[in-house]
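Taking it in order: structure first as structure tokens, then the write-up.
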There are 2 protein chains.
Amino acid sequence: MDYPRLRIRIVFGHAEMIGPGKAELLQRIAQTGSIAAAGREMGMSYRRAWELVGTLNAMFRDPLVDSTRGGPGGGGAVLTDAGQKVLGLYRAFEQDVATAGAARLEALQAFRRDIPREK
Amino acid sequence: MDYPRLRIRIVFGHAEMIGPGKAELLQRIAQTGSIAAAGREMGMSYRRAWELVGTLNAMFRDPLVDSTRGGPGGGGAVLTDAGQKVLGLYRAFEQDVATAGAARLEALQAFRRDIPREK
DNA sequence: TGATGATATGTTTGCTGAAACATATCGACA
DNA sequence: TGTCGATATGTTTCAGCAAACATATCATCA
């Protein structure tokens with residue numbers, strides 16, 4: 001982990017938003033094929049991962065994650081087309097924003113206290 | 001409140017960051033001249049407001065808020081030069097980011113569910 | 001004395017972690 | 001060929017606990 005870094009959340013409504021957490025969860029679901037495995041990798045409880053997926057699926061017109069129970073391996077989860085596109089757009093958004101804010105960020109950091117070592 | 005909007009946090013270290021909450025607190029301290037009044041306006045307990053100011057002052061080389069006890073009116077708090085500059089840079093950063101991300105944001109919103117009415 | 005900053009304390013909320021249950025496929029075995 | 005158990009994951013519930021909160025109290029200074 002290198003600092004400083006940005007955490008940007010896009011707030012669509014009172015309880016509807018997407019940020020670094022949900023984006024990483026989507027990405028790890030795509031990689032692992034499992035909601036539980038993705039949540040474990042991020043150190044969150046399965047309940048939390050499952051609730052986040054439910055929120056994401058309810059936020060958009062089409063579900064972003066498709067999960068199956070039973071089946072080969074006992075079950076699994078995959079990103080839908082909409083899920084892949086939303087994740088891609090969010091990553092592109094992050095890139096655009098980081099580039100645009102670099103100058104201000106450096107100016108802010110000039111005010112920071114010098115830290116000996118950061119883990 | 002109009003949606004969508006962005007919530008941006010700049011993370012400098014493990015527990016050192018600045019986001020919408022601390023920025024608004026700084027702004028209200030500048031307007032009211034009181035940590036307690038600024039906190040009240042934001043619906044937070046005085047303890048929380050006081051802790052946030054402490055975190056901010058510890059994050060930067062120079063304190064952002066200068067508080068006096070006693071005196072005319074019992075005491076008060078003002079933004080230092082560093083405080084004014086940091087707040088200004090954060091607001092400018094927000095502007096830059098919103099402009100740079102507008103196109104991606106619109107693309108993302110095309111995937112959203114149509115909401116009848118948002119409060 | 002009055003207004004505010006600083007500090008201490010009791011309460012509540014939210015989250016986590018574990019456990020129980022549901023579901024569906026594969027492989028073993030008679 | 002057919003049935004049953006093993007297996008791995010998704011779904012749901014619940015008690016325990018740590019973090020955050022509001023409230024109350026003390027300190028300070030004109």
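A quick note: this is a predicted structure, and the numbers were derived from the prediction, not measured. So you know, we letter chains A, B, ... as the sequences are listed, proteins then strands, and number each from 1.
- Residues forming a side chain to side chain donor-acceptor pair (under 3.5 Å) with A:Q27 (at least two apart in sequence, or on another chain): A:R91.
- Put simply, the side chain of B:R7 never gets that close to the backbone of A:I10: no donor and acceptor are under 3.5 Å apart.
- Near DNA chain D, meaning a heavy atom under 4.0 Å away, there are no residues from residues 31-42 of chain B.
- Applying the salt bridge (charged side-chain N to carboxylate O under 4.0 Å, His left out) test to every pair with at least one member in residues 22-37 of chain B, sequence neighbours left out, gives these pairs: B:E24-B:R28, B:R28-B:E41.
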Enumerate, atom names and distances included, each donor-acceptor pair closer than 3.5 Å involving a side-chain atom of residues 97-108 of chain A, sequence neighbours excluded.
residue, atom, partner, partner atom, Å
A:T99, OG1, A:Q95, O, 3.1
A:R104, NE, B:D96, OD2, 2.8

Side-chain donor-acceptor contacts of residues 67-82 of chain B below 3.5 Å, not counting sequence neighbours, with atom names and distances?
residue, atom, partner, partner atom, Å
B:T80, OG1, B:P63, O, 2.7
B:T80, OG1, B:L64, O, 3.3
B:T80, OG1, B:A82, N, 3.4
B:T80, OG1, B:G83, N, 3.1

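- Residues forming a side chain to side chain donor-acceptor pair (under 3.5 Å) with A:N57 (at least two apart in sequence, or on another chain): none.
- Here A:R112 contributes atom CZ and B:F60 contributes atom CZ; the two are 6.5 Å apart, rounded to the nearest 0.5 Å.
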Which letters describe nucleotides 22-30 of chain D, given B = protein heavy atom under 4.0 Å from base, S = only from sugar-phosphate, - = neither? B-----SBS
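- Remark: A:R48 pairs with no residue by the salt bridge (charged side-chain N to carboxylate O under 4.0 Å, His left out) rule, at least two apart or across chains.
- For B:E51, the side chain to side chain donor-acceptor pair (under 3.5 Å) criterion is met by B:R47, not counting sequence neighbours.
- Scanning residues 50-58 of chain B for heavy-atom distances under 4.0 Å to DNA chain C yields B:W50.
- Sorted by first then second residue, the salt bridge (charged side-chain N to carboxylate O under 4.0 Å, His left out) pairs that include residues 54-64 of chain B, not counting sequence neighbours, number zero.
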